[in-house]
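Just so you know, these numbers come straight off a predicted model, no measurement behind them. Order of listing sets the numbers, starting from 1, for every ligand and every atom in it. Residue numbers start at 1 and run along the sequence shown.
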Amino acid sequence: MSHQQRRACIAAGAAAAAALLYWYRRRQPPEGATLLEAVLDEEECETLETLLRDLLRNGSSLPGKTYSPVTAPAFKKRNQSRETLQFGAYVDKNRVQNAAVAPLPPALLRVARRLKKLGVVQSVPDACCVNFYGQGQWLPDHVDSKKFERPLVTVSLGSEQCVVFRRRGYLARRIRLPVGSALRLGGDAANDWTHGLPPATRPRISLTFRRLNAETKRHFADETKAIKERRDAKKALKRQQRNKPPKPSVRAERRPEAAPLPSEATDKTPSIELEHVRSVYNAIAPQWHGTRYKAWPRVAKFCLMNCGAGALVADVGCGNGKMADAACRRGAFTIACDTSDALIDIAHTTHKDKRYECLVADGVRLPYRSGAFDVALNIAVLHHLSTAERRVQCIRETLRILKPGGRALFYAWAKEQKNGSENRSGHQFDSTDVLVPFHLREHGPHYNKETARQCPAHAVRDERKNATVLKRYCHVFAEGELRGLVAGAARVDECYYDEGNWAVACTKL
Ligand SMILES: O=C(O)CCC(=O)C(=O)O
Ligand SMILES: [Fe+2]
């Protein structure tokens, strides 16, 4: 190699090393910033994302200023018009304000507690700003308000993105934010460097967890108190002027609304339901229980998202209580009912260790007062009601017992059944009102002579299968039918096909 060639080689090597060093330094987080990967696993991210998108869809019904569409024309023009949900504290254009917002919902509180447990923060954050970025939306460079304590922690969901840190006189830093990661910003990174996000290439959600500092909290509390005092004083003055005694509080006067009086649709159970639903379930209860002991995964997910600690859940038509684990898992109290006393006996024995009560009652006339429950489950019940009037009545009853804002999930067997392994029950339906055979085996671990002896009159022996054949009445639902019935009585949030059923999740308005 000539001298000249050697010099060229060295120069190229030095340039490559400098480029590598530059590349490396660009990716080093500034002092005070730490990235923790996999703080949430894939399933947790997915569950949280579904929950948050659900909340966003219902954004306008959340309290106060929790939801902001951020549609200021200038923001929209610059593509910064992302939607936000703010819990615990309200920020507008990076300025903290004293406005009413909802506290952290249980799912976010769990993440906040996890951050403390992992040592990312010292106190559990009590505020969270959830940013929903659509494709192309970005966040300009900023320093988070000093009214928030340090560190701030941002958890990423949905898709990977980069955050760019800038500081005058320093090389800009570009840090990858994988899904499920938490970026902790303290010290210089939070106070002296700005951070911003380039346009998102795919939809993304970020959760910025933080705490207002004590001084701001105190200031806001004083301000709120002063406003209330001024308002009360004004009211008192007006009252004095009118010289009227103060009105008693409406809340104290209000009596719980009683269950409605029975109507034609509810006061008499049609004989087809007595013979082909109630009696059948009473006879097959032990065998039924032997193979059905867990909520379907999507029903369990609904429970996970909606049945938090302290919530009151109604399981309308609970069968053997297979929803109990999912409904009570996060500390909710469940009151379940079914018309089959044999199934209620099983539900009671199986779940007596839980915050769970069950009783014999009919879904078309629930023995609960109106507005009492936070969540209602009505799973695989409606298709056993034999008139349209009774199905509507059962939906109305399920919603009646919910508080405004309460959520309900309905599942009803679909007329449209898939082929192959996706159709676990193996049934196909030609008409909407059908009698579906059930083979009650007279052998095996779940055979119970006692209940089998109480078979309804229509039961017939199948000697070949050594079983008694009972027929269950079902009205199978055509696509759109369930949605149509629920939409008349509540706001439909989601409608889907699952486990051979049509499903509708809704909110009582
Ligand atoms: O979306 C992100 O990752 C950052 C959000 C952020 O900086 C903020 O909410 O202040
Ligand atoms: Fe920020």
May I ask you to check whether Trp502 and Tyr497 place their ring centres under 6.0 Å from each other?
yes
Between Trp138 and Tyr133, does the ring centroid distance fall short of 6.0 Å?
no
Interfacing atoms of ligand 1 (cut-off 4.0 Å, heavy-atom, [X]):
X      : answer
Ser206 : 1 (O), 2 (C), 3 (O), 5 (C)
His195 : 7 (O)
Asn131 : 5 (C), 9 (O)
His142 : 6 (C), 7 (O), 8 (C), 10 (O)

Should the pair Arg95-Asp92 be classified as a salt bridge under the 4.0 Å nitrogen-to-oxygen rule?
no
Show the numbers, then the answer: is there a side-chain contact (heavy atoms from CB on, under 4.5 Å) between Val130 and Leu56?
CA-CA 10 Å; Val130 186; Leu56 183 72; over 6 Å; no
Given NE2 of His195 on one side and NE2 of His142 on the other, what angle do they make at the Fe ion (ligand 2), to 10°?
90°
Apply the salt bridge (Lys or Arg N to Asp or Glu O under 4.0 Å) test between Glu494 and each candidate in Arg483, Arg407, Arg298; give the one that qualifies.
Arg298
Among all the protein's non-hydrogen atoms, which is closest to [atom], and how far away is it?
atom                    : result
atom 10 (O) of ligand 1 : Asp144 OD2, 3.0 Å
atom 4 (C) of ligand 1  : Leu197 CD1, 3.5 Å
atom 6 (C) of ligand 1  : Leu139 CD2, 3.5 Å
atom 9 (O) of ligand 1  : Thr208 OG1, 3.0 Å
atom 3 (O) of ligand 1  : Arg204 NH2, 2.9 Å

Geometric cation-pi criterion, Lys301 with Trp296: 6.0 Å, 45°
no
Cation-pi check for Phe165 against Arg173: NZ or CZ below 6.0 Å from the six-membered ring centre and within 45 degrees of the axis, yes or no?
no
Asp144 atom (N/O/S) at minimal separation from the Fe ion (ligand 2)
OD1
Between ligand 1 and Thr154, is the shortest N or O to N or O distance under 3.5 Å?
no
Working to the nearest 0.5 Å, report the span between OG1 of Thr507 and CG of Asp493.
3.5 Å
Return the minimal non-hydrogen interatomic distance between Gln161 and Pro198, and the atom names on each side.
NE2-O, 2.8 Å
Report yes or no: does a heavy atom of Gln161 sit under 4.0 Å from some atom of ligand 1?
no
